[in-house]
Amino acid sequence: MKQEQLYEGKAKKVFATDDPTLCIVSYKDDATAFNGLKKGTIAGKGVVNNRMTNMMMQLLEKKGIPTHFVKELSDRETLVKKVSIVPLEVIVRNVSAGSFSKRYGVEEGIPFDEPTVEFSYKNDELGDPLLNTYHALALHLATKEEISLIEDYAFRVNDVLKEYFLTLGVKLIDFKLEFGKLPDGTIVLADEISPDTCRFWDAKTGEKLDKDRFRRDMGGVEDAYREIFKRVSAN
Ligand code: ADP
Ligand code: UDP
């Protein structure tokens, strides 16, 4: 069933299948940060990210958000609908952190009255620059209708995940989503939802349970991935 490799990214490989509408995503333990400048390995990350992403995609499908998920094939491999990725990184934030804090000169950990959404142009060569809707339209990255639907889905994903993680004693600080288009033009949620792409803070202690431990050389990286996975698996 698995055919030739179509793409190798920083954290995943994508393979063709017998069916041209489907592909297989294979999750690696490789980790990068700062647009690939920092490289490393997080043992067991591929398994955590694959299985956690699939749980989140199935939860979101149940809540009416269409996703690329088809079937988990193994610990590291999942069958997904092949999409043409909309080249926008869609970032939703509930609490100040990371590049938001840096850019606007505010400390991390300030909860927002309302969640925010922002877009980056998914382009490694340019370092994924921040852009607004007008820029995305000027660059023909998506249509007005698609951007508005993507924004709507992104906030709905946030509502579902924020509530879900709170039941696990975890605050969802921020996260990045990618959307794709099916051959008929339908927009679906694609890529992954994992500690690589979300910030998770323990609700009681504030301990970081995500890739910031790797980005910031905090230690306990593998343990953090194991801990968040234990919590989602127990639920
Ligand atoms: P990067 O390309 O940023 O290094 P990854 O290592 O995660 O990222 O590579 C996975 C690639 O697969 C990403 O470019 C992502 O946009 C793409 N992708 C995710 N889901 C799908 C899908 N359903 N169909 C086609 N491509 C996908
Ligand atoms: N994020 C991501 N991929 C990126 C950039 C950001 O998954 O290329 C996620 C990141 O894990 C965090 C959120 O998006 O949960 C917001 O990231 P931010 O803009 O603060 O950037 P960073 O501090 O990671 O540079």
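Since we're looking at a predicted model, the values are computed, not measured. For ligands, and for the atoms within them, numbers begin at 1 and follow the listed sequence. When reading the values below, keep in mind they use all heavy atoms of this one structure, side chains included, and skip hydrogens, waters and symmetry mates.
With 3.5 Å as the limit, one finds a donor-acceptor pair spanning the side chains of Q3 and D18. In this structure, a donor-acceptor pair under 3.5 Å is present between the side chains of Y225 and D196. For the residue pair D184/T186, the side-chain donor-acceptor check at 3.5 Å is satisfied. Inspection of the D128 and N35 side chains reveals no N or O donor paired with an N or O acceptor under 3.5 Å.
You'll find the side chain of D75 reaches within 4.5 Å of the side chain of R51, heavy atoms only.
A salt bridge does not link D223 to R213: none of the charged side-chain nitrogens sits closer than 4.0 Å to a carboxylate oxygen. Residues K63 and D159 are not paired through a salt bridge, judged by the lack of any N-O separation under 4.0 Å between the basic side chain and the carboxylate. A salt bridge links D174 to R199: at least one charged side-chain nitrogen sits closer than 4.0 Å to a carboxylate oxygen. Using a cut-off of 4.0 Å between Lys/Arg side-chain N and Asp/Glu carboxylate O, E192 and K211 are scored as not salt-bridged. Here D30 does not pair with K13 in a salt bridge; the nearest charged N to carboxylate O distance is not below 4.0 Å.
Considering both main-chain and side-chain atoms, V83 comes within under 3.5 Å of ligand 1 through a nitrogen or oxygen pair. Not a single N or O atom of V80, backbone or side chain, sits closer than 3.5 Å to an N or O atom of ligand 1. Between D124 and ligand 1, not a single N/O pair is under 3.5 Å apart.
Of all the atoms in ligand 1, the ones that sit under 4.0 Å from a non-hydrogen atom of A11 are 5 (P), 6 (O). Atoms of ligand 1 found under 4.0 Å from any heavy atom of E178, numbered from 1 in the order shown, are 15 (C), 16 (O). Remark: ligand 1 atoms within the under-4.0 Å shell around heavy atoms of V14 are 12 (O). The contact set between ligand 1 and K122, taken as ligand atoms under 4.0 Å from a residue heavy atom, comprises 2 (O), 3 (O), 14 (O), 16 (O). Counting the atoms of ligand 1 from 1 in the order shown, those under 4.0 Å from a heavy atom of K82 are 24 (N).
One N or O on the side chain of K28 and one on the backbone of G9 form a donor-acceptor pair closer than 3.5 Å.
Of all protein heavy atoms, the one closest to atom 15 (C) of ligand 1 is D191 OD1, 3.3 Å. For atom 11 (C) of ligand 1, the closest non-hydrogen atom of the protein is Y7 CE2, 3.5 Å. Looking from atom 3 (O) of ligand 1 to the surrounding protein, the closest heavy atom is K10 NZ, 3.1 Å. The closest protein non-hydrogen atom to atom 7 (O) of ligand 1 is K12 NZ, 2.5 Å.
Among K102, R93, R216, the single residue meeting the salt bridge (Lys or Arg N to Asp or Glu O under 4.0 Å) criterion with E108 is R216.
Ranked by closest heavy atom to atom 21 (C) of ligand 1, the top entry among I85, D128, D196 is I85.
Heavy-atom minimum distance, N158 versus L172: OD1-CD2, 3.9 Å.
The side chain of H68, and not its backbone, has at least one atom closer than 4.0 Å to an atom of ligand 1 (non-hydrogen atoms only; side chain from C-beta on).
Protein residues are said to neighbour a ligand when one of their heavy atoms lies under 4.0 Å from it; for ligand 2 these are E89, I91, R93, A97, G98, S99, D128, D174, F175, K176, D196, T197, C198, R199, R215.
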